[in-house]
J.: 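Before we start, here is the structure in question, set down as structure tokens.
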Amino acid sequence: WGVGAGVVLQSLLLLESWSPRHGRCPDCHPAFQAVSIEFSSCLGTKGTQYETNSVDFKVGADGTVFAARELRVPSEQVAFTVTAWDRQTAERWDAVVRLLVARTSSPHPGHKKARKDADPEPSPPTRDTLLPWPQRQNPGGLRRQKRDWVIPPINVPENSRGPFPQQLVRIRSDKDNDIPIRYSITGVGADQPPMEVFSIDSMSGRMYVTRPMDREERASYHLRAHAVDMNGNKVENPIDLYIYVIDMNDNRPEFLNQVYNGSVDEGSKPGTYVMTVTANDADDSTTANGMVRYRIVTQTPQSPSQNMFTINSETGDIVTVAAGLDREKVQQYTVIVQATDMEGNLNYGLSNTATAIISVTDVNDNPPEFTASTFAGEVPENRVETVVANLTVLDRDQPHSPNWNAVYRIISGDPSGHFSVRTDPATNEGMVTVVKAVDYELNRAFMLTVMVSNQAPLASGIQMSFQSTAGVTISVMDLNEAPYFPSNHKLIRLEEGVPTGTVLTTFSAVDPDRFMQQAVRYSKLSDPANWLHINATNGQVTTAAVLDRESLYIKNNVYEATFLAADNGVPPASGTGTLQIYLIDINDNAPELLPKEAQVCERPSLNAINITAADADVDPNIGPYVFELPFVPAAVRKNWTITRLNGDYAQLSLRILYLEAGMYDVPVIVTDSGNPPLTNTSIIKVKVCPCDDNGDCTTVGAVAAAGLGTGAIVAILICILILLTMVLLFVVWMKRREKERHTKQLLIDPEDDVRDNILKYDEEGGGEEDQDYDLSQLQQPEAMEHVLSKAPGVRRVDERPVGAEPQYPARPVVPHPGDIGDFINEGLRAADNDPTAPPYDSLLVFDYEGSGSTAGSVSSLDSSSSGDQDYDYLNDWGPRFKKLADMYGGGDED
């Protein structure tokens with residue numbers, strides 16, 4: 001078979017074996033395919049080269065197998081060895097490759113006939129892939145193992161412009177010379193989504209692509225080709241078709257971020273890492289289409305050099321390339337980075353840009369420096385927490401950072417620690433503050449040496465400046481200081497009861513102003529008992545009254561008084577001192593007995609009276625005490641006896657077998673143990689009373705013991721009984737009054753009921769036959785039968801008619817508030833229908849004088865105002881008589 005040199009072989013590669021020469025990697029294996037040979041290793045295929053031991057075949061850098069020259073294959077297969085070796089690791093792998101030659105014409109008559117019957121029309125050159133025939137069994141009985149065809153992958157460039165459908169390959173079976181065969185393909189891109197990307201002519205076996213391909217959408221397709229006869233019977237086993245989309249450079253590199261932020265310390269050495277920028281290309285990264293390279297386009301500002309940074313073209317790492325980064329001069333750089341594919345070829349590659357913002361971070365390379373070599377201030381004496389001077393510094397590092405914050409330290413001139421220097425966080429100034437009061441009389445001025453540094457240590461190689469140290473002169477101002485008592489509180493001891501005018505002590509004060517000639521005067525500030533007096537000029541304290549230890553002003557035997565010492569300075573100042581006087585007890589208080597009152601039974605028993613002695617003094621002027629009864633009167637010792645229990649207690653009891661009930665004053669003499677001892681006679685009021693079996697006084701006995709006779713007790717009981725009777729009578733009267741009030745049937749009192757009273761108004765009595773009127777003709781007969789039935793005679797209109805009494809509603813005994821409204825309404829309806837209720841007649845006649853009169857007619861009277869009568873006085877009666885004045889007055893008529 002003849003094959004032209006440089007023509008790609010379309011044959012079957014059979015992988016026989018492989019073995020590494022210099023190493024073994026179980027996960028690494030060579031994958032040799034027809035047309036293209038690719039070696040897959042753990043480290044990838046980058047940097048892999050191929051060699052063969054055959055002079056007829058060569059393998060290109062991309063794994064393509066081609067014929068090195070024109071040759072004739074003498075047999076059905078050709079075998080040779082392909083070596084893959086890695087340039088970096090120098091490892092090699094060998095594999096034996098066998099090429100099975102596909103026949104294009106057959107010496108058999110059937111084959112020639114098939115060629116003769118083939119379509120004579122010319123067609124574009126295609127790649128025909130033959131399905132293998134199964135090998136027949138040899139007559140000799142030998143059987144050969146059938147091998148399937150390995151179809152080389154089909155490469156389709158993406159973004160093809162057509163025309164479509166575009167033929168890719170032709171698939172043929174060598175059985176189509178004998179029987180008609182129909183071809184079909186299945187898989188993703190054929191009968192699975194995406195559908196109908198590929199199609200095949202069922203008769204000729206030509207496979208087409210129907211539209212442009214996009215490798216970034218799908219890089220490869222795996223189809224299966226099927227060959228069946230006209231009846232659908234399988235003629236050949238399905239074969240696998242691998243279609244690879246060849247990448248085109250149709251995608252620009254895309255940066256992960258449009259803006260990158262990084263930082264680098266000022267003063268960094270060249271080669272210091274700053275940041276990494278990354279751009280991804282959607283094209284095939286194994287080809288130049290997806291190989292991205294980086295470069296810096298511009299740098300802003302270009303100070304101190306226009307090339308302060310460089311970038312690794314493959315990794316995108318930005319590093320410094322020059323020295324001289326100074327934050328105090330340039331705080332930030334803006335770098336434009338360009339990413340280009342095609343391995344950075346600007347003529348053919350696609351590019352994109354991003355911005356890298358590089359901040360120069362501050363390091364402590366500038367020590368703080370004072371703005372002046374000396375500072376001055378002044379402070380009044382005895383003042384604390386006062387700022388006396390402000391120290392200003394200059395630091396060119398980043399403000400409000402540890403490299404800028406100042407720390408001040410006094411290194412000399414203040415051994416006693418009177419001052420400290422605090423930092424103002426806003427201005428970074430040093431505030432010299434008094435923390436311990438200074439005294440003008442001891443130090444009139446201070447010369448301080450202050451050093452300033454930063455919170456952060458200086459950068460390597462940076463030395464402190466001589467201007468980081470300054471002197472501070474502080475002057476102390478003299479003030480009028482208050483006098484003070486050296487011994488405060490001063491304690492003295494003396495016995496109580498010293499006479500008035502006794503000198504106790506001299507309580508003097510000291511004026512600290514030694515350089516001022518000032519006088520000090522003394523006065524009392526606090527003397528609760530007003531017992532003391534102090535000399536105003538020398539401070540001598542004397543007694544103004546007798547000091548008593550038992551006074552209420554004494555606490556724990558100590559009396560306190562406060563004195564004031566004031567100078568005559570400008571302004572005057574004063575100080576206070578406390579004098580404590582410890583009073584020593586003397587025996588000046590006689591003992592007392594407790595209790596003052598007690599009771600015992602009239603007959604001797606076990607209930608004796610326990611008495612206790614108490615003394616306001618303290619030991620040794622108190623117990624043990626001596627208890628005794630006086631000899632006078634003699635009845636005391638006759639009736640009573642006293643027994644001493646211990647130094648402070650004794651018992652008083654009856655000496656005789658019976659003592660009449662009553663109140664007795666029993667004197668008891670008690671003496672303390674002071675020197676000299678004091679004696680006191682205390683009277684104990686003892687109540688003697690009859691007792692019950694338990695030894696307790698009975699009630700009658702207690703009353704009798706109180707001194708009340710039988711008559712007095714009876715009188716008291718009678719008074720109590722009368723009081724109880726009066727209370728009982730008052731309660732009964734209140735109950736009866738309440739009952740009467742509840743039994744009333746009307747809401748108002750009977751005397752206020754208008755139905756039971758005849759009210760007469762303007763009655764003038766008899767005269768002119770006013771009692772002989774017969775008014776029956778004025779009443780309606782049909783409505784007044786009960787009146788007409790009355791005997792003839794005169795009846796007054798205000799008489800109560802005779803008739804049936806209507807039934808008014810009865811008032812409840814205890815009316816409920818909710819029933820009052822109903823009661824009033826029912827009574828109103830009954831009164832409206834009651835003809836006997838006043839007014840008794842709805843027809844009332846007024847001014848009726850009968851049929852005649854003995855008096856003459858008044859019409860004959862002359863009403864003229866003319867006459868002897870003078871009516872002018874009517875004008876003086878007011879507006880109510882104006883009409884009469886006009887009628888009868890003497891005025892002229894209009």
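Along the sequence shown, residues carry numbers from 1. A quick note: this is a predicted structure, and the numbers were derived from the prediction, not measured.
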J.: Tell me, do Asn403 and Gln398 make a side-chain contact under 4.5 Å, heavy atoms counted?
T.: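 With C-beta onward as the side chain, the pair stays apart.
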
J.: Rounded to the nearest 0.5 Å, how far does CD1 of Ile243 lie from CG of Asn155?
T.: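 Spacing of CG (Asn155) from CD1 (Ile243) equals 10.0 Å.
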
J.: Other residues, nucleotides and ligands only: do more than 12 of their heavy atoms fall within 6.0 Å of CZ on Arg211?
T.: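 For Arg211, atom CZ is crowded (more than 12 foreign heavy atoms under 6.0 Å).
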
J.: With a 4.5 Å cut-off on side-chain heavy atoms, are Glu369 and Val452 touching?
T.: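 No - every pair of side-chain heavy atoms lies 4.5 Å or more apart.
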
J.: Tell me whether the count of non-hydrogen atoms from other residues, nucleotides or ligands lying under 6.0 Å of CE in Met248 goes above 12.
T.: no

J.: Got more than 12 heavy atoms from elsewhere within 6.0 Å of CZ, Phe164?
T.: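 Yes.
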
J.: Look up atom OG1 in Thr469 and atom CE in Met451, then write down how far apart they are to the nearest 0.5 Å.
T.: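 Atom-to-atom, Thr469:OG1 and Met451:CE are 4.0 Å apart.
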
J.: Should Asp362 and Arg327 count as an ion pair when the cut-off is N to O under 4.0 Å?
T.: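 Judged by the 4.0 Å cut-off on N to carboxylate O distance, Asp362 and Arg327 do form a salt bridge.
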
J.: Measure the CE-CG distance between Met431 and Leu391 for me, rounded to the nearest 0.5 Å.
T.: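 The CE atom of Met431 sits 10.0 Å away from the CG atom of Leu391.
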
J.: Would you say that Ile474 contacts His418 through its side chain, given a criterion of any heavy-atom pair below 4.5 Å between the two side chains?
T.: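 Ile474 does not reach His418 side chain to side chain.
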
J.: Roughly how far apart are Asp191 CG and Leu223 CG, rounded to 0.5 Å?
T.: 8.5 Å

J.: Side-chain contact, heavy-atom cut-off 4.5 Å: Arg293 with Thr340?
T.: no

J.: Mind running side chain to side chain contact (heavy atoms under 4.5 Å, CB included) on Val197 and Met213 for me, showing each step along the way?
T.: CA-CA 9 Å; Val197 176; Met213 309 293 289; 3.7 Å; yes

J.: Is it the case that the side chains of Asp283 and Asn251 hold a donor-acceptor pair, with the cut-off being a distance below 3.5 Å and no angle test?
T.: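 The answer is yes; a qualifying pair exists.
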
J.: Would you say Gln166 and Ser160 make side-chain contact, with heavy atoms under 4.5 Å?
T.: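 Yes, at least one pair of side-chain atoms sits under 4.5 Å.
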
J.: Distance from Ser313 atom OG to Met291 atom CE, nearest 0.5 Å?
T.: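 It comes to 12.5 Å.
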
J.: If we ignore hydrogens and angles and just use 3.5 Å, is the side chain of Glu266 paired with the main-chain N or O of Gly324 as donor and acceptor?
T.: no

J.: With a 4.5 Å heavy-atom cut-off, do Val393 and Asn428 have their side chains touching?
T.: yes

J.: Donor-acceptor pair, distance only, cut-off 3.5 Å: does the side chain of Thr320 make one with the backbone of Phe309?
T.: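 Side chain of Thr320 to backbone of Phe309, a donor-acceptor pair under 3.5 Å: no, none is there.
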
J.: Side chains of Thr355 and Ile336: closer than 4.5 Å at any heavy-atom pair?
T.: yes

J.: As a quick check of understanding, evaluate side chain to side chain contact (heavy atoms under 4.5 Å, CB included) for Arg224 and His226, giving each step before the final call.
T.: CA-CA 7 Å; Arg224 303 200 78 186; His226 305 270; 3.9 Å; yes

J.: Please check this pair: side chain of Gln302 against backbone of Pro304, looking for a donor-acceptor N/O pair closer than 3.5 Å.
T.: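 No, because the side chain of Gln302 does not come within donor-acceptor range (under 3.5 Å) of the backbone of Pro304.
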
J.: So which heavy atom on Ala356 is nearest to which on Met275, and how close?
T.: CB-SD, 3.9 Å

J.: Can you give me the closest heavy-atom contact between Tyr244 and Ser220, atom names plus distance?
T.: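 That would be CD2-CB, 3.7 Å.
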
J.: With no hydrogens and no angle check, do the side chains of Asp395 and Asn366 hold a donor and an acceptor under 3.5 Å apart?
T.: no

J.: Do Thr361 and Ser263 pair up side chain to side chain, a donor and an acceptor below 3.5 Å, judged on atom types alone?
T.: no

J.: Do Val245 and Arg218 have side-chain heavy atoms sitting under 4.5 Å apart?
T.: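 No - every pair of side-chain heavy atoms lies 4.5 Å or more apart.
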
J.: Quick one: do the Thr286 and Asp284 side chains pair a donor with an acceptor below 3.5 Å?
T.: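 Thr286 vs Asp284: donor-acceptor pair found between side chains.
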
J.: Taking Thr210 for its side chain and Glu196 for its backbone only, find out whether a donor-acceptor pair lies under 3.5 Å.
T.: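 Such a contact is found between Thr210 side chain and Glu196 backbone.
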
J.: How many angstroms lie between CG in Asp281 and CG in Asp341, if you round to the nearest 0.5 Å?
T.: 4.5 Å

J.: Would you say Glu217 has more than 12 foreign heavy atoms packed within less than 6.0 Å of its CD?
T.: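 Check fails, neighbour count at 12 or below.
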
J.: Considering all heavy atoms of both residues, which atom of Pro253 and which atom of Leu350 are nearest to each other, and what is their separation?
T.: CD-O, 3.2 Å

J.: Side chain to side chain contact (heavy atoms under 4.5 Å, CB included), that's the test. Do Thr392 and Phe375 meet it? Break it down for me.
T.: CA-CA 9 Å; Thr392 56; Phe375 297 88; 4.1 Å; yes

J.: Is it the case that atom CD in Gln455 sees more than 12 heavy atoms from other parts of the structure closer than 6.0 Å?
T.: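 Yes - once you tally the heavy atoms of other residues, nucleotides and ligands closer than 6.0 Å, there are more than 12.
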
J.: Locate the shortest heavy-atom distance separating Asp201 from Tyr183; write the atom from each residue and the value.
T.: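 Distance-wise, the nearest heavy atoms are O-CB, 4.3 Å.
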
J.: Does the side chain to side chain contact (heavy atoms under 4.5 Å, CB included) test come out yes or no for Asp397 and Asp365, once each step is laid out?
T.: CA-CA 7 Å; Asp397 290 322; Asp365 56 347; 2.9 Å; yes

J.: Give a yes or no answer on whether the side chain of Asn257 reaches the backbone of Val259 with a donor-acceptor pair at less than 3.5 Å.
T.: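 Judged by distance alone, no pair lies under 3.5 Å.
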
J.: If you compare all heavy atoms of Met342 against all heavy atoms of Gly349, which two are closest, and at what distance to 0.1 Å?
T.: CG-CA, 3.5 Å

J.: So, Asn289 side chain and Asp247 main chain: donor-acceptor pair closer than 3.5 Å or not?
T.: yes

J.: Ignoring hydrogens and angles, tell me if any N or O in the side chain of Tyr408 forms a donor-acceptor pair with the backbone of Ser420 under 3.5 Å.
T.: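 The answer is no, because no donor-acceptor pair under 3.5 Å joins these two groups.
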
J.: Consider side chain to side chain donor-acceptor pair (under 3.5 Å). Of Thr276, Asn312, Thr310, which one does Asp317 pass it with?
T.: Thr276

J.: Would you name the heavy atoms of Asn352 and Phe255 that are closest together and state the gap between them?
T.: O-CE1, 3.4 Å

J.: So does Val384 get a backbone contact from the side chain of Thr386, meaning a donor-acceptor N/O pair under 3.5 Å?
T.: yes

